[in-house]
Amino acid sequence: MKRILITGAGGQIGSWLVPRLRELYGEANVLATDVRHLGSDFADAGPFQVLDATDAKAVGECVMRHRPDTVYHLAAILSATGEKDPQLAWHVNMASLEAVLEVAREQHCAVFTPSSIGAFGHDTPKDPTPQDTIMRPATMYGITKVAGELLCDYYHTRYGVDTRGVRFPGLISYGAPPGGGTTDWAVDIYYKALSDGRYTCFLGPDSQLDMMYMPDAIDALIGVMEADADRLQHRNAFNVTAMQLTPTGLAAEIRKHIPHFEIDFEVDPVRQAIADSWPDRIDDSAAREEWDWSPSFDASAMTVDMLEHLNHND
Ligand code: VAH
């Protein structure tokens, strides 16, 4: 039976991943941790511990107590927030990864670390963006993702640590709010469509980015970690995507259900510059070939499911 430790468990991904892993591996085997206390709902649902993932000693002590065989390391500062304090983003994203990799090396844990399409930059081919290509990101977040990919591959090659990761696109979900990313518009739009019938978008109308519905993202997180290691030509990290969306296109999808929905635009130059440096469409054929990646939700199915759950206040 697998034993799992998750850092950043209270974030947009973690709040979905923890219950899914507990269904799969048993509640007692999945220890959720986060730098802040997540309230009784979270803590009462299974093993939880406050953990600052940048504190190597605390991470080591937590691993020695819980004895996980796999660490899902989700704690990180995202792109837009990272640009407000780049030095903090570098510290949080890299000190925490170093702490996790070092204890994984000593205690023989497998490690999942999410990368992002934010690891690509202006010089990267935009459509399609290959699995193996130039990576010169324009944000501190992207720099930590490229450095993280290289560090994870190094720990695999040099020390044999089973490190794996995926480059996530923008992730769309209900429940825990997104955490200060450039793709947060694709989540906020659904909430505002229901509450106000309108949404003011911080990216321009035709800003196309890769996106994915959270149930597919969770399948990718678990799928890559359960893949047969002998099939993997890549490890850190795999391109994965499910759809390409623009604000105009997603608004049209929402209008199929809320006919009067209106969108307008107040472009945030910082987040627009970040989005402009990212791919239009990534090629995820390597993930499909090496571990059978295959998303289930397109924009239409995602919109039906999102509106249904939000209408029921999930
Ligand atoms: C961000 N949601 O916007 C994250 C993600 C591709 C975007 O990495 O920073």
Side-chain angles (χ1 to χ4, degrees), residues 8 10-17 72-86 88-90 92-94 96-97 112-122 124 126-129 135 137-149 165-191 201-204 207-214 216-218 220-221 236-247 250 267-284 287 295 302:
Q12 187 191 11
I13 297 174
S15 59
W16 281 67
L17 180 63
Y72 279 90
H73 177 48
L74 305 180
I77 290 179
L78 299 184
S79 58
T81 303
E83 288 308 291
K84 292 174 185 165
D85 190 339
L88 181 63
W90 173 265
V92 169
N93 295 5
M94 299 313 295
S96 64
L97 179 58
F112 173 88
T113 309
S115 183
S116 161
I117 61 172
F120 299 117
H122 288 290
T124 306
K126 280 193 173 293
D127 187 353
T129 295
M135 302 173 80
T139 64
M140 179 58 86
Y141 172 72
I143 291 166
T144 69
K145 289 301 165 186
V146 174
E149 289 192 18
V166 299
R167 292 170 188 149
F168 275 131
L171 298 181
I172 296 166
S173 62
Y174 52 86
T182 303
T183 56
D184 293 358
W185 70 266
V187 177
D188 297 343
I189 192 170
Y190 285 103
Y191 285 82
C201 187
F202 58 74
L203 290 188
S207 301
Q208 179 174 306
L209 290 172
D210 284 282
M211 296 279 181
M212 186 182 296
Y213 195 29
M214 188 61 81
D216 279 331
I218 301 302
L221 278 148
N236 301 282
F238 286 93
N239 286 359
V240 290
T241 188
M243 65 190 90
Q244 290 73 39
L245 285 179
T246 64
L250 187 52
V267 173
D268 167 5
V270 172
R271 286 182 284 187
Q272 186 65 59
I274 293 173
D276 291 347
S277 72
W278 290 355
D280 292 340
R281 183 170 58 93
I282 62 174
D283 171 359
D284 62 2
M302 170 177 71

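These numbers come from a predicted model, not from an experiment. Whatever order the structure lists ligands and atoms in, that order sets their numbers, starting from 1.
- Checking Ser173 against Gln12 by side-chain atom types alone, a donor-acceptor pair falls below 3.5 Å.
- Under a 3.5 Å cut-off, the side chain of Lys126 and the backbone N or O of Arg281 do not form any donor-acceptor pair.
- Nearest non-hydrogen protein atom to atom 3 (O) of ligand 1 is Thr182 N, 2.7 Å.
- Within the 4.0 Å heavy-atom criterion, neither part of Ala80 lies near ligand 1.
- Here the closest heavy-atom approach between residue Ala242 and residue Pro295 is recorded as CB-CB, 3.7 Å.
- At a threshold of 4.5 Å between non-hydrogen side-chain atoms, the residues Arg167 and Lys145 do not count as touching.
- Of all atoms in ligand 1, numbered sequentially from 1 with element shown, those under 4.0 Å from a heavy atom of Thr183 are 2 (N), 3 (O), 7 (C).
- At a threshold of 4.5 Å between non-hydrogen side-chain atoms, the residues Met302 and Met211 do not count as touching.
- Atoms of ligand 1 found under 4.0 Å from any heavy atom of Gly170, numbered from 1 in the order shown, are 6 (C).
- Side-chain contact, Ser79 with Thr182: a donor N or O sits under 3.5 Å from an acceptor N or O.
- Taking every heavy atom of Pro169 and a limit of under 4.0 angstrom, the matching atoms of ligand 1 come to 6 (C).
- A side-chain donor-acceptor contact under 3.5 Å links Trp16 to the backbone of Tyr174.
- Taking every heavy atom of Tyr141 and a limit of under 4.0 angstrom, the matching atoms of ligand 1 come to 4 (C), 5 (C), 8 (O), 9 (O).
- Considering backbone and side-chain N/O of Ser116, one or more are found under 3.5 Å from N/O of ligand 1.
- With a 4.0 Å heavy-atom cut-off, ligand 1 is reached by the side chain of Trp278 but not by its N, CA, C or O.
- Of all atoms in ligand 1, numbered sequentially from 1 with element shown, those under 4.0 Å from a heavy atom of Ser79 are 1 (C), 3 (O), 9 (O).
- Within the 4.0 Å heavy-atom cutoff, Ile117 counts among the residues contacting ligand 1.
- Residue contact check: Phe168 has heavy atoms under 4.0 Å from atoms 6 (C) of ligand 1.
- Taking the side chain as every heavy atom from C-beta outward, Leu209 and Leu203 approach each other to under 4.5 Å.
- Against a heavy-atom cut-off of under 4.0 Å, Gly181 is close to the following atoms of ligand 1: 1 (C), 3 (O), 9 (O).
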